[in-house]
Amino acid sequence: MADLNVFAESTFDPKAWINDACAHRTGEEPLDRFLAEMEMRLQLAAEEIEAGLQETSSQAMRRIPFAVQEIYRLQGDIQGMQDQVKLLAGQVSRDAGEAAESVSTIASLDHVKRNMESACSTLKEATELSGLFIKVEEVFAAGDLPKAAETLGVMRRSLALVGDVPEFRAGRGRLQQLEDKLQGLVEGSLAEALSKPAVVLAAAAGSDEAAAASIAEGEERMRQLAALLLTVDRYSTVEQLYVSGRMAHVTAIWDEACGAASASAGTGKPGAQGDIVTSLPRFYSRALPVLQAEAAWCGRVLPAQARDLMAALLGAVLQKVSNLARDRLASSRASTSALVPFAAEVVGWARGVGELLPKGTPPDRHRALLTTALEPLEDRVSAYPALEGSALTSDLSSLVLPQATGPAGLGAAAEAAVTSEPDSEAIVRRLAVAVRTAAAAVVAAVERCVAFTGGSELAGLSRVVDEAMGSFVGRMTALVTALHNKQAGLLGGAGLGSTGGAAVGPTSPGATPGPAAGGQDTFTEEVGAVLRLVVLAGEVA
């Protein structure tokens, strides 16, 4: 008999199955006999299946009552377990309440204990405070400054606890005097130790091992002196001494790099070698390595105070440099083209300073320092349209009638220029060159403005360009008008004008022939082109 799984397939085809069985019959058995036997086997198999189904159904029916009883039993067990859980939850809730009351009682007792311990410690320190005022004088007399600083620190903490007690109210003033005394003993040595900048110490340490050992010993001594002041809460003194000691070296670098600026500023010579626009980048290149060495020194010698010390030093340096640079820039005669590389130097300086600030510097302080570093550049950016306008007006004025001043002087200068130049075509060519030069100057000014200000001052630049072009067009118009009057006078007097400016009359012996017709047409075309440029420039202005 074939596998019964074939009949369970969803794609079972009776015809295909019968044909396949007939094709695989064995021997010479007749087909009708084979089919009859196959039918009988299928019927027997179907009966066996039916009998199996009946047996299985009967067994299932017999097990249903037992299954129902089992379900009822499980339901009862579940209900019992739920009741037990509720009971346990109630017990846990009661236990938690009792535990909370116990913990609250324990916490109250612990608070009382700590208060009693604090009171005991306060009483002990108050009892010892009077003795400490006497003891610290003996320590000062013995010259044991570390012990004196430690004693003063204990006294400060004690007075913070019992300072309001009438018997100890005068102790604060006495403590202040003792701390000032300690500061006076330490301040001189610490100031002397801080007078040598880190970059100088680093260079000396690299010379030989003995120098390196001496510098390491000095740094340890400096660390101990600073710790004495920090013990009595005199960080401000340490910061002041550090900043003042390092600023002396920074000031020396400024005088070396930018000292020539003040000397050249009084000469009134534009583009002097000592101009602040060229000397300030020199200061940046020399000061930044010094500040980098200071950052490394602070991180090595006073790591706990490195962030505040570097922020204070950078703040002092940037404020001084900003004030000096802004004063010098106000009188600087540097060209606007020199401001573009100057801006790159200032931005690079600000970026280098920002990298020196230790991690954890408050964002507000970081932002304030960078703003101070960029102040010289910001002043130039805000004043850039006026600077560019002054330079552009001067450049455009030099192209046409540079000696003219005022409306009356403009006309007179134009008449004089036309009269002094007999070749009218040369004047026209000079005007055409002036127009091209003016256009190139305006384009260059816009490009410099975008490079220097990032385009933020283009609106202001457009106004000064408008004024400069208006003045330029006025000079062009005056010169063209004078040229037109000259040519009109020549044509009116002789009927024909010569390019040389001389009248042309009837041919006479020795007379010079007038220009050819082609030359006169070229001159007329150039005059017309210049007039159209003047009209167009006037409309744009």
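If you read the sequence from its start, that first residue is 1, and numbering goes on from there. Heavy atoms only: backbone and side chains are in, while hydrogens, waters and symmetry mates are out. Please read these numbers as outputs of a predicted model, since none were measured by experiment.
Here the side chain of Ser285 pairs a donor or acceptor atom with the backbone of Arg282 at under 3.5 angstrom. Distance alone, capped at 3.5 Å, places no donor-acceptor pair between the Asp20 side chain and the Ala16 backbone. Side chain of Arg286 to backbone of Trp254: no donor-acceptor contact under 3.5 angstrom is found. In terms of modelled atom types and a separation under 3.5 Å, the side chain of Arg328 and the main chain of Leu280 share no donor-acceptor contact. Using a distance-only test at 3.5 Å, with no hydrogens or angles considered, no donor-acceptor pair links the side chain of Ser471 to the main chain of Glu467. Remark: side-chain polar atoms of Thr453 are not paired, donor with acceptor, to backbone N or O of Val450 under 3.5 angstrom.
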Per-pair distances, 0.1 Å, donor-acceptor, side chain in residues 86-106, under 3.5 Å, sequence neighbours excluded:
{"from": "Ser102", "atom 1": "OG", "to": "Glu98", "atom 2": "O", "distance (Å)": "3.0"}
{"from": "Thr105", "atom 1": "OG1", "to": "Glu101", "atom 2": "O", "distance (Å)": "2.9"}

Review item, side-chain donor-acceptor pairs of residues 297-307, under 3.5 Å, at least two apart:
{"from": "Arg300", "atom 1": "NE", "to": "Glu219", "atom 2": "OE1", "distance (Å)": "3.4"}
{"from": "Arg300", "atom 1": "NH2", "to": "Glu219", "atom 2": "OE2", "distance (Å)": "2.8"}
{"from": "Arg307", "atom 1": "NH1", "to": "Gly360", "atom 2": "O", "distance (Å)": "2.9"}

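Taking Arg73 as the reference, Glu70, Asp77 meet the salt bridge (Lys or Arg N to Asp or Glu O under 4.0 Å) condition, with sequence neighbours excluded. Not counting sequence neighbours, Glu345 has no partner by the salt bridge (Lys or Arg N to Asp or Glu O under 4.0 Å) test. Annotation: salt bridge (Lys or Arg N to Asp or Glu O under 4.0 Å) contacts of Asp364 (sequence neighbours excluded): Arg367. By the side-chain contact (heavy atoms from CB on, under 4.5 Å) test, Asp395 is found to be paired with no residue, residues two or more places apart in sequence or in another chain being considered.
No more than 12 heavy-atom neighbours from other residues, nucleotides or ligands sit within 6.0 angstrom of CZ on Arg63.
The aromatic rings of Phe283 and Trp349 lie tilted to each other, with the angle between the two planes from 30° to 60°.
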For the pair Val232 and Leu228, evaluate side-chain contact (heavy atoms from CB on, under 4.5 Å) and give the outcome as yes or no after the intermediate values. CA-CA 7 Å; Val232 294; Leu228 295 177; over 6 Å; no
Test Gln43 against Glu39 for side chain to side chain donor-acceptor pair (under 3.5 Å), laying out the working first. CA-CA 6 Å; Gln43 186 174 359; Glu39 179 182 2; over 6 Å; no
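Under a 4.0 Å N-O distance rule, the pair Arg351/Glu355 does not qualify as a salt bridge. Checked for salt-bridge contact, Glu117 and Arg114 miss the test: no charged N lies under 4.0 Å from a carboxylate O.
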